[in-house]
Amino acid sequence: MSDDMENFSNELDSIIDNLSKLEFSKKEEASHQLLESSARLTSLSNQLCNGTN
């Protein structure tokens, strides 16, 4: 489980880094990135809860 938590943490750090670099003047692009990031976090969270990879 610790590997899963580490993967989740690394992915979260990557997403936060990517989001911090977004240019929010490009609303459509920023919105798409937020939706993608949300989907990735949801998927990772579900994997952690289910104990699967």
Side-chain angles (χ1 to χ4, degrees):
M1 188 67 151
S2 62
D3 284 344
D4 289 337
M5 286 299 289
E6 187 174 337
N7 289 339
F8 182 82
S9 179
N10 289 341
E11 184 71 17
L12 185 57
D13 288 344
S14 173
I15 288 170
I16 290 169
D17 188 49
N18 287 339
L19 290 176
S20 70
K21 295 175 184 173
L22 277 178
E23 293 180 32
F24 284 97
S25 59
K26 300 178 181 177
K27 291 180 184 175
E28 206 170 299
E29 188 177 322
S31 177
H32 179 72
Q33 182 69 37
L34 285 168
L35 287 172
E36 257 184 19
S37 296
S38 177
R40 286 165 57 196
L41 280 177
T42 299
S43 175
L44 286 168
S45 179
N46 287 339
Q47 288 176 16
L48 283 176
C49 290
N50 295 331
T52 59
N53 287 330

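Throughout, residue positions are numbered sequentially from 1 according to the sequence presented.
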Go through the structure and list residues passing side chain to side chain donor-acceptor pair (under 3.5 Å) with Asp17, not counting sequence neighbours.
-> Lys21
Interatomic distance, CD1@Ile16 vs CD@Glu11, rounded to 0.5 Å, equals 11.0 Å
Could you give the distance from CE (Met5) to CG (Asp3), rounded to the nearest 0.5 Å?
-> 11.5 Å
Output the distance between atom CZ (Arg40) and atom OG (Ser45), rounded to the nearest 0.5 Å.
-> 14.5 Å
Distance (rounded to the nearest 0.5 Å) between Leu44 CG and Cys49 SG | 11.0 Å
Do side-chain atoms of Ser43 reach the backbone of Ala39 as a donor and acceptor pair under 3.5 angstrom?
-> no
